[in-house]
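These numbers come from the heavy atoms of this one structure, side chains and all, not from hydrogens, waters or symmetry mates. Quick note on labels: first sequence line is chain A, next is B, and so on, each numbered from 1.
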2 protein chains.
Amino acid sequence: MARTSHRTAARAVEAQRRIREAGERVTTPRSAVLAALLAADHALTHHEVEEALAPVTPVDRVTVYRVLDRLVATGLAHRIPGEDRTWRFGANRRGPGGAHAHFTCSGCGRTVCLEETEVPAAVKVPRGFVPQRIELTVQGLCAACR
Amino acid sequence: MARTSHRTAARAVEAQRRIREAGERVTTPRSAVLAALLAADHALTHHEVEEALAPVTPVDRVTVYRVLDRLVATGLAHRIPGEDRTWRFGANRRGPGGAHAHFTCSGCGRTVCLEETEVPAAVKVPRGFVPQRIELTVQGLCAACR
DNA sequence: GGCGCGGATGCAACTCGGTTGCGTCTGCCT
DNA sequence: AGGCAGACGCAACCGAGTTGCATCCGCGCC
């Protein structure tokens with residue numbers, strides 16, 4: 001238990017540090033949301049974030065949306081479009097712009113960032129098209145659901 | 001004009017043929033929807049389908065959804081999740097299962113199928129994970145929006 | 001340490017893509 | 001032609017995300 005709260009506290013501090021370094025105001029909802037993303041082993045939906053926060057630091061639904069948007073805008077997190085029409089959010093553990101693939105489990109619906117999997121750097125596109133960002137998503141079964 | 005209606009008629013026939021061959025009932029909404037997908041040069045949203053049909057064969061909103069779902073289920077079309085939380089649908093011109101990449105223009109929001117662009121056949125995933133489908137999406141500007 | 005202000009939060013109401021339930025209609029098999 | 005399972009249309013619903021606005025508070029400044 002002591003171990004856990006140590007980790008939790010450390011993550012809160014880490015979240016605050018990142019927010020401050022990004023030049024953003026450090027507020028309770030922001031550090032709580034970012035700490036939740038950092039703590040998670042998979043990308044969280046807005047709703048999962050809200051749930052994770054509820055017992056300790058209840059945050060308004062709308063605020064969660066706005067905070068997540070802000071984190072994405074400042075490069076502290078990234079947004080992953082999902083098969084189920086909802087977005088998932090993951091902390092950018094290695095700074096902004098690190099392109100990586102995502103794995104979505106069709107069993108449990110969880111999405112994880114595949115930090116190890118490289119995304120093709122360039123693709124063939126029709127004449128006149130200008131590619132800017134390449135996204136790679138893998139569907140399948142995770143180890144637990146297999 | 002005569003040319004155009006010839007093409008339109010030909011596409012309707014083609015759509016009906018495909019539906020019949022898939023072992024599905026041939027109904028007016030189904031052939032109209034599939035014909036619209038075949039006629040389009042980019043993947044259509046549910047709303048675009050409805051609009052395209054309205055002048056000639058008005059089809060109920062809900063029916064469009066159900067028809068599109070069915071076409072996807074039978075492999076006649078495929079569904080592409082978009083950045084804007086809506087789905088786009090494209091006809092499967094070369095039979096089912098042809099994995100291909102998609103290009104989404106951040107200017108006009110259109111999504112086109114890149115039939116020429118190959119998707120990596122395999123990717124590195126964590127131990128125990130079983131990949132089933134790989135999706136590659138490119139964001140950028142299309143020739144018209146550049 | 002406290003003051004002020006602009007940005008952040010919370011609340012309520014709203015939008016919109018997509019879904020569900022149900023009664024009626026129709027493609028297709030015989 | 002007749003019948004029935006499956007498709008259609010309508011209306012009501014759901015839930016993710018957004019907007020407007022009044023209040024609050026982090027943080028720079030004194």
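Straight-line distance from the CZ atom of B:R79 to the C1' atom of C:dG18: 10 Å, rounded to whole Å. We find that CG of A:D84 is positioned 9 Å from P of D:dA16, with the value rounded to whole Å. In this structure, CH2 of B:W87 is placed 14 Å from C1' of C:dC16, rounded to the nearest angstrom. In this structure, B:R20 places its CZ atom 9 Å from P of C:dC29, rounding to the nearest Å. C:dC16 atom P lies 12 Å from atom OH of B:Y65, rounded to whole Å. When the P atom of D:dC8 is taken as reference, atom CG of B:L53 falls 12 Å away, rounded to whole Å. Across the protein-nucleic acid pair, A:I19 atom CD1 and C:dT9 atom P stand 10 Å apart, rounded to whole Å. Taking atom CD on A:E50 and atom C1' on C:dC11, their separation rounds to 13 Å, with Å as the unit.
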Inset, instruction - Show the numbers, then the answer: is there a ring pair (Phe, Tyr, Trp, His ring centres under 6.0 Å) between B:H46 and B:F89? - result: CA-CA 8 Å; B:H46 135 267; B:F89 298 83; 8.6 Å; no
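A ring-centre distance under 6.0 Å is not found for A:H102 and A:H42.
With hydrogens and angles left out, the side chain of A:R66 and the base of C:dG10 share a donor-acceptor pair within 3.5 Å.
Note on A:T27: only backbone sugar-phosphate atoms sit closer than 4.0 angstrom, heavy atoms only; bases stay farther off. As judged by a 4.0 angstrom heavy-atom cut-off over every strand, B:T86 is placed among residues touching the sugar-phosphate backbone only.
Contact check, B:R30 against D:dA7: a side-chain N or O comes under 4.0 Å of OP1 or OP2. Contact annotation: B:R61 does not reach the phosphate of C:dG18 (side-chain N/O to OP1 or OP2, under 4.0 Å). The phosphate of D:dC25 (OP1 or OP2) has no side-chain N or O of A:R25 nearer than 4.0 angstrom.
Interatomic distance, NE2 of A:H78 versus CG of A:L37, reported as 9.5 Å (0.5 Å rounding). The CZ atom of B:F103 lies 9.5 Å from the CD1 atom of A:I134; values are rounded to the nearest 0.5 Å. The line from CZ of B:R66 to CG of B:D60 is 8.0 Å long, rounded to the nearest 0.5 Å.
Here C:dT19 is the nucleotide among C:dT19, D:dT18, D:dC8 with the atom lying nearest to any side-chain atom of B:D69. Among D:dG17, C:dA8, C:dG18, the nucleotide with an atom closest to any side-chain atom of A:H46 is D:dG17.
Between B:F89 and B:V26, the residue anchored closer to the 5' end of DNA chain C is B:F89, taking for each the nucleotide with the nearest heavy atom. Place B:V59 and A:H47 on DNA chain D by their nearest nucleotides, and B:V59 ends up nearer the 5' end. Toward the 5' end of DNA chain C, the nearer of the two residues B:V62 and A:R70, judged by each one's closest nucleotide, is A:R70. Judged by closest nucleotide on DNA chain D, B:E24 is the one of B:E24 and B:R85 placed further toward the 5' end.
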